[in-house]
Each structure stands twice: as C-alpha cells, then as structure tokens.
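What follows is a single structure, written as structure tokens, with notes after it.
Chain letters run A, B, ... following the sequence lines, proteins first and then strands; every chain starts at 1. Note that the coordinates shown come from a computational prediction; the quantities given were computed from them, not determined experimentally.
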2 protein chains.
Amino acid sequence: MKLIDILDATPFGIGYRLAFLTNFWREPILRQMEKDFGIIRPELTVLMCLSFRDDVHARDICEVTEQPSNTVSRGVASLEKKGYLARTRDTDDTRRQVLRITPEGRVMHDKIMTRFAQAEQKMLGVLSKQEQTDLLCLLDKVARDVENWRS
Amino acid sequence: MKLIDILDATPFGIGYRLAFLTNFWREPILRQMEKDFGIIRPELTVLMCLSFRDDVHARDICEVTEQPSNTVSRGVASLEKKGYLARTRDTDDTRRQVLRITPEGRVMHDKIMTRFAQAEQKMLGVLSKQEQTDLLCLLDKVARDVENWRS
DNA sequence: CCCAGTTAGTTCCACATGGAACAATATATT
DNA sequence: AATATATTGTTCCATGTGGAACTAACTGGG
C-alpha cells in the first residue's frame, strides 16, 4: 500500500495531488530551515512580506496572510531579537510600529528562497519546459480566481 | 498588497501556487470538519487509510502516511472512542491490533470526502474540462515521480 | 471635552503535535 | 533455553499555534 494509491481512490484527484506535492515540496524545507537557521514558519511569513514591501505594519501582514495577530506578533518579536527586522513607532499612530527588514534579514530571506527554488526545480525535473509553462499557467488561472471559489 | 502579488515575486511560481491552492482548498474544510464533526486531521488520516483497506495495523498507517506513531496512536484511540473504528488484538502478534472501520466510520468518511470533492469542483470552475484533464495529468506526472525529487 | 466604541499589538490559556522514553511482546543469537 | 536486540503501541514532555482576554491608543457622536 502506497500513499499515492489511497490518493487515487479519492473523488478529488487534483486537490489531493496539490496537497501531496505541497507536503513533499514545502514541509522538508521548512523543517530544515528551522534546524539550520532557527527560523520557523510564522517568521518566514513575516520575512517574505517585508522583503516584498518595506515599511508595513503588523496589521497589514495579518490581513495579507490571514494569520492571527498573535502569531504575527510573535514572529515580529523573535525576528527583531535575531536582528532580521527593525521596528519603529509610527508617529501618526503610536499604537502602530513600522516594520523594516535588515540587510541580515534580507540575506537570510534570500538564502531560504533559494532553497525553495532549487527544490522546485528538482520537483519539476520530470516535466519538459513546455509542460512546466502549461502547469504554471493552469495553476495561476485557478489561483487568480480564488475569491470566486474559496469557502 | 495582495498575497498573490508576493507570490509572483518569488522564484518558485509553481511551488508557491501549489501551496497557495492547497491552503485555500484544504484548510477551511479541515477547520469546518473539526467544528461540525469533531474530527481532527490525524483522525481523518487514519479514517482514510481504513476506508481504503481494512484490517491494517497502526504501524502500516505510520509507514504509508509517514506520521509519527504517537499521532496515529492517538487518532486510533479517539476514533475508537467515537465508534468509528474497531480494534482487535492480532492473534499472531499480540503487540499488534487489527484495525477496521465501522459502518458509522464509513458514513463519516464519505461525508467528509464529499466536502473535499465539492470544494475541488468549485475551485476548478474557472478551468474547462480539457484544462482540468491536463492539470490532473501534469500533477500526476510530478506526484508519481516523488521518490526521485523528495529531499 | 468626554465617553463609547474601535483598532494595534501583546499576553494568557488550552490544545494539537512530534521527539523521546517507556512497557509489552516478538525475534535472533549463542 | 536464555539472553540480547528489535518492534508495536502508549505516555510523557516540550513546543508551536490560535482563540480570547487584555492594554494602550485612536476616533466619532453628543
């Protein structure tokens, strides 16, 4: 009995394969990331948001990622302690704090992103360039439509 | 700022979209499943294995799903308490116990499977039948190749 | 200006999870 | 046959996580 056989028995072949691939692609890297760098999932989430756009508030990260505020709060606090982000009080609203990634934070972020990218390439090795393009296109179509189907 | 924009900035477009779709498709159902039926993730894992094949041992489930034994142990214990599976001592090896899903367990399993299937159909609404077939084919190709790329 | 209601971020608490130690049983070696 | 080793499944413990309560600060209506 293999996992892929159970997979085949379900009435949601695409969904299950999505979950299957996500698990085998992402989870090992997240575990390794924690082991090698001491960075855990919610910290990476914050790091990715700050890498994409500087000077955001914790609240923004909550909204974009749909993470609970306490999770983001802990991620921000621990990243600051590690020197990967800096926070300053917002002068307009002193409840808020402006978050910014540090150079060290960006280095760490890029290192982790590279791992994901390399693992992706390895995962897609069985597909031709054209097939990879097709797959990306199909996934993108569904992902962009998310607001129409999410429950 | 939208999540999909951060997604586009990463050097692993396919991987990130896989994770994105998995999150928005699977996670809401798992949360709802717990709320409506009191079934949590490791319990569902056990239930799906037993639905696929009867008379297995907890150890088999550990190997197939790569779950730690304590997680499976708890899942089995709680499912038994709820009447969704029955366990009997294996006469050949009294350390082992033979697991079997009950009719109530199968009803619950099917109810949950239906939810996943319906959510999948909704998710794929934006794709044509041909595109859905293509997507399934591509995902299957990569999934079947898992032993060659998993880290 | 004051108070009710709202919002940003943190802390508290309850629980799910996985690693490691453990007890019971089976298997291998001599 | 006796002892050492391996295996099955459970319990213990440390940690990650999210809901809810909480504090501090802002906003709007009277």
Counterpart residues, side chain to side chain donor-acceptor pair (under 3.5 Å), relative to Glu104(A) (two or more places apart): Thr102(A)

Glu66(A) bridged to Arg150(A) by N-O distance under 4.0 Å: yes

Partner set under side chain to side chain contact (heavy atoms under 4.5 Å, CB included) for Asp54(A), not counting sequence neighbours: Arg100(A), Ile101(A)

Value in whole Å for how far the P atom of dA25(D) lies from CG of Asp90(A): 14 Å

Polar pairs (N or O, both sides) under 3.5 Å between protein and nucleotides 7-9 of chain D?
| residue | atom | partner | partner atom | Å |
| --- | --- | --- | --- | --- |
| dT7(D) | O2 | Arg95(B) | NH1 | 2.3 |
| dT8(D) | OP2 | Arg59(B) | NE | 3.4 |
| dG9(D) | OP1 | Gln97(B) | N | 3.2 |
| dG9(D) | OP2 | Arg59(B) | N | 2.8 |
| dG9(D) | O3' | Gln97(B) | NE2 | 3.3 |

Given DNA chain D, 5'-ward residue of the pair Arg74(A) and Thr94(A), judged by closest heavy atom: Arg74(A)

Partners meeting ring-ring contact (aromatic ring centres under 6.0 Å, His included) with Phe24(A) (sequence neighbours left out): Phe20(A)

Residues that Arg95(B) engages under salt bridge (Lys or Arg N to Asp or Glu O under 4.0 Å), provided they are two or more places apart: Asp93(B)

Residue whose closest nucleotide on DNA chain D lies nearer the 5' end, Thr91(A) versus Pro68(A): Pro68(A)

Non-neighbouring partners of Thr133(B) that pass side chain to side chain contact (heavy atoms under 4.5 Å, CB included), sequence neighbours left out: Gln130(B)

DNA chain C contacts among residues 25-48 of chain A, heavy-atom distance under 4.0 Å: none

Residues which pass side chain to side chain contact (heavy atoms under 4.5 Å, CB included) with Val64(B), listed by chain and number, not counting sequence neighbours: Met1(A), Leu3(A), Ile6(A)

Outermost nucleotides of DNA chain C that come under 4.0 Å of a non-hydrogen atom of chain B: dT17(C) to dA26(C)

Pairs where residues 30-49 of chain A contributes a residue and the test side-chain hydrogen bond (donor to acceptor under 3.5 Å, both in side chains) is met, not counting sequence neighbours: Glu27(A)-Arg41(A), Gln32(A)-Asp36(A), Asp36(A)-Arg115(A), Glu43(A)-Ser78(A), Glu43(A)-Lys82(A)

Set of side chain to side chain donor-acceptor pair (under 3.5 Å) partners for Lys141(B), sequence neighbours left out: Glu131(A)

For Val98(A), side chain to side chain contact (heavy atoms under 4.5 Å, CB included) partners two or more places apart: Asp55(A), His57(A), Thr88(A), Asp90(A)

